[in-house]
S.K.: 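The structure that follows is given in the form of structure tokens.
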Amino acid sequence: RKAILEANGKYILFTDADLSTPVEEVEKLLSQLKKGYDIAIGSRSLAGSNIMLRQPLYREFMGKVFNRFVRLFAVKPFVDTQCGFKLFRRDAANTIFKEQKLNGFAFDVEILYLAIRNGFKIKEVPIKWLNSPHSKVSPISSSIGMFVDLIRIKNIHRK
């Protein structure tokens with residue numbers, strides 16, 4: 001959050017620290033911002049995505065289950081909210097991250113929720129992705145925390 005708010009470029013990218021999505025994929029997202037979108041998010045689930053190294057099956061299953069809950073409780077239009085490769089116009093990033101509150105892994109859902117609530121145009125884009133075996137997401141504790149945060153999103157952002 002702090003890094004996003006202190007960035008001063010025209011466009012602001014955040015990516016997972018393990019670089020699961022090669023940084024060269026930013027061109028795909030940037031082309032969408034140049035077409036008038038405010039935010040472009042990488043997706044591992046759209047047609048055209050290139051998953052070069054898959055997650056273990058249990059992690060893929062956990063992701064699909066979590067996405068069902070995301071679509072039910074928070075943001076409906078996206079098939080992959082958890083891909084850690086997102087590009088913002090600076091004004092959109094500043095608006096969203098000033099309001100953003102969660103610190104856990106569900107913050108991706110929260111920023112998309114806030115983006116929709118603020119009327120930003122968002123495009124989901126298929127990307128190349130390689131699973132990192134060094135993931136910090138715990139199958140049990142992270143999943144519980146993400147679910148709790150998912151339920152909290154609408155409550156913490158009531159106007």
Side-chain angles (χ1 to χ4, degrees), residues 1-21 23 25-46 48-49 55 59-60 62-127 129 132 135-138 141-159:
R1 181 178 322 125
K2 184 175 178 167
I4 296 287
L5 292 172
E6 296 212 8
N8 58 16
K10 182 176 180 180
Y11 305 111
I12 300 171
L13 172 74
F14 80 70
T15 183
D16 287 335
D18 62 14
L19 299 176
S20 292
T21 303
V23 75
E25 294 291 286
V26 74
E27 294 299 326
K28 294 177 182 175
L29 304 185
L30 184 57
S31 71
Q32 298 305 314
L33 271 56
K34 289 180 177 178
K35 290 179 182 176
Y37 287 93
D38 302 300
I39 302 164
I41 65 172
S43 177
R44 301 162 290 186
S45 300
L46 292 175
S49 297
Q55 297 180 55
R59 284 198 183 272
E60 283 190 31
M62 286 170 37
K64 289 180 190 305
V65 169
F66 183 70
N67 188 261
R68 298 261 184 208
F69 283 112
V70 166
R71 295 177 99 169
L72 182 65
F73 291 115
V75 292
K76 294 182 189 330
F78 308 108
V79 294
D80 187 5
T81 58
Q82 298 312 111
C83 180
F85 199 70
K86 295 176 174 65
L87 183 67
F88 303 80
R89 290 186 186 282
R90 186 167 91 200
D91 62 322
N94 285 336
T95 298
I96 293 164
F97 282 86
K98 282 178 184 170
E99 296 179 28
Q100 192 265 329
K101 295 177 178 15
L102 297 178
N103 293 318
F105 290 113
F107 88 96
D108 289 274
V109 177
E110 181 188 19
I111 61 173
L112 293 172
Y113 174 82
L114 292 169
I116 291 168
R117 191 175 83 172
N118 282 287
F120 291 114
K121 290 174 44 181
I122 308 164
K123 179 70 174 177
E124 192 169 14
V125 180
I127 48 88
W129 190 81
S132 170
S135 174
K136 303 268 190 240
V137 179
S138 162
S141 63
S142 295
S143 296
I144 292 168
M146 288 170 71
F147 184 74
V148 169
D149 280 348
L150 182 60
I151 302 299
R152 292 180 53 218
I153 289 172
K154 287 186 179 178
N155 288 331
I156 62 177
H157 292 291
R158 288 194 179 171
K159 285 191 173 184

S.K.: Rounded at 0.5 Å granularity, tell me how far OG1 in Thr81 sits from CG in Asp108.
M.R.: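 These two atoms lie 6.5 Å from each other.
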S.K.: Taking side chain to side chain donor-acceptor pair (under 3.5 Å) as the test, write out the residues that go with Asn155, two or more places apart.
M.R.: Arg158
S.K.: Of all heavy-atom pairs between Gly48 and Pro126, which one has the smallest distance, and what is that distance?
M.R.: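 Looking at all heavy atoms of both residues, the closest pair is C-CB, 3.5 Å.
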S.K.: If you measure from SG on Cys83 to CZ on Phe78, what distance do you get to the nearest 0.5 Å?
M.R.: 13.0 Å
S.K.: Do side-chain atoms of Lys154 reach the backbone of Phe73 as a donor and acceptor pair under 3.5 angstrom?
M.R.: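 Yes: the side chain of Lys154 pairs with the backbone of Phe73.
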S.K.: How would you list, by chain and number, every residue that makes a side chain to side chain contact (heavy atoms under 4.5 Å, CB included) with Val65, sequence neighbours excluded?
M.R.: Phe61, Phe69
S.K.: Tell me every residue that passes side chain to side chain donor-acceptor pair (under 3.5 Å) with Thr15, counting only those two or more places apart in sequence or in another chain.
M.R.: none
S.K.: According to the salt bridge (charged side-chain N to carboxylate O under 4.0 Å, His left out) rule, which pairs have a member within residues 63-74, sequence neighbours left out?
M.R.: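 The answer is none; no pair qualifies.
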S.K.: About how many Å separate CG of Asp149 and CZ of Phe107, when rounded to the nearest 0.5 Å?
M.R.: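 One gets 11.5 Å once the value is rounded to the nearest 0.5 Å.
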S.K.: Rounded to the nearest 0.5 Å, how far apart are CD of Glu110 and CD1 of Ile156?
M.R.: 4.5 Å
S.K.: Under the rule for side chain to side chain contact (heavy atoms under 4.5 Å, CB included), what residues qualify as partners of Val26, not counting sequence neighbours?
M.R.: Leu13, Phe85, Leu87
S.K.: Partners of Ala74 by side chain to side chain contact (heavy atoms under 4.5 Å, CB included), sequence neighbours excluded?
M.R.: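 Listed in chain order: Val109, Leu150.
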S.K.: Can you list everything that forms a side chain to side chain contact (heavy atoms under 4.5 Å, CB included) with Asp91? Sequence neighbours excluded, please.
M.R.: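 With neighbours one apart ignored, the set is Arg89.
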S.K.: Just by modelled atom types, is the Ala93 backbone N or O under 3.5 Å from a matching donor or acceptor in the Lys98 side chain?
M.R.: no
S.K.: So, using salt bridge (charged side-chain N to carboxylate O under 4.0 Å, His left out) as the criterion, who are the partners of Arg1 when residues are at least two apart?
M.R.: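 Partners of Arg1 under the salt bridge (charged side-chain N to carboxylate O under 4.0 Å, His left out) test: none.
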S.K.: Taking only residues two or more places apart in sequence or in another chain, which ones pass side chain to side chain donor-acceptor pair (under 3.5 Å) with Gln55?
M.R.: none
S.K.: Evaluate the side chain to side chain contact (heavy atoms under 4.5 Å, CB included) criterion for residues Arg152 and Lys101: first the C-alpha distance (whole Å), next the side-chain angles of each, then the deciding distance (0.1 Å), finally the verdict.
M.R.: CA-CA 10 Å; Arg152 292 180 53 218; Lys101 295 177 178 15; over 6 Å; no
S.K.: Looking only at non-hydrogen atoms, find the nearest pair between Met146 and Ala106 and report the distance.
M.R.: O-CB, 3.9 Å
S.K.: If I take atom CG from residue Leu30 and atom CD from residue Glu25, how far apart are they, to the nearest 0.5 angstrom?
M.R.: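 One gets 13.0 Å once the value is rounded to the nearest 0.5 Å.
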S.K.: Keeping Gln82 on the side-chain end and Asn67 on the backbone end, is there a donor-acceptor pair under 3.5 Å?
M.R.: no
S.K.: Using atom types as modelled and distance alone, determine if a side-chain donor or acceptor of Gln100 lies under 3.5 Å from a backbone N or O of Leu102.
M.R.: yes
S.K.: Could you tell me the separation between the CD1 atom of Ile12 and the CG atom of Asn94, rounded to the nearest 0.5 Å?
M.R.: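 It is 5.5 Å, given to the nearest 0.5 Å.
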S.K.: Determine yes or no for a side-chain-to-main-chain donor-acceptor pair under 3.5 angstrom, with Asn118 supplying the side chain and Leu114 the backbone.
M.R.: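 Answer holds: yes.
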S.K.: Please tell me if the side chains of Pro77 and Ile116 come closer than 4.5 Å, counting only heavy atoms from C-beta onward.
M.R.: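 Side chain of Pro77 against side chain of Ile116, heavy atoms only: contact under 4.5 Å found.
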S.K.: For Tyr11, check ring pair (Phe, Tyr, Trp, His ring centres under 6.0 Å) against everything at least two apart and list the hits.
M.R.: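 With neighbours one apart ignored, the set is empty.
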S.K.: So, the side chain of Asp18 versus the backbone of Ser20: is there a donor-acceptor pair under 3.5 Å, distance only?
M.R.: yes
S.K.: Under the rule for salt bridge (charged side-chain N to carboxylate O under 4.0 Å, His left out), what residues qualify as partners of Lys123, not counting sequence neighbours?
M.R.: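 Counting only residues at least two positions away or on another chain, Lys123 forms no salt bridge (charged side-chain N to carboxylate O under 4.0 Å, His left out).
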S.K.: Which donor-acceptor pairs under 3.5 Å do side chains of residues 32-46 form with protein atoms, sequence neighbours excluded?
M.R.:
unit_1	atom_1	unit_2	atom_2	d
Asp38	OD2	Lys121	N	2.8
Ser43	OG	Ser45	N	3.1
Ser43	OG	Leu46	N	3.4
Ser43	OG	Glu124	OE2	3.2
Arg44	NE	Asp80	OD2	2.8
Arg44	NH2	Asp80	OD1	2.8

S.K.: Hey, what's the ring geometry for Phe14 with Phe97, parallel, tilted or perpendicular (30° and 60° as the breaks)?
M.R.: perpendicular
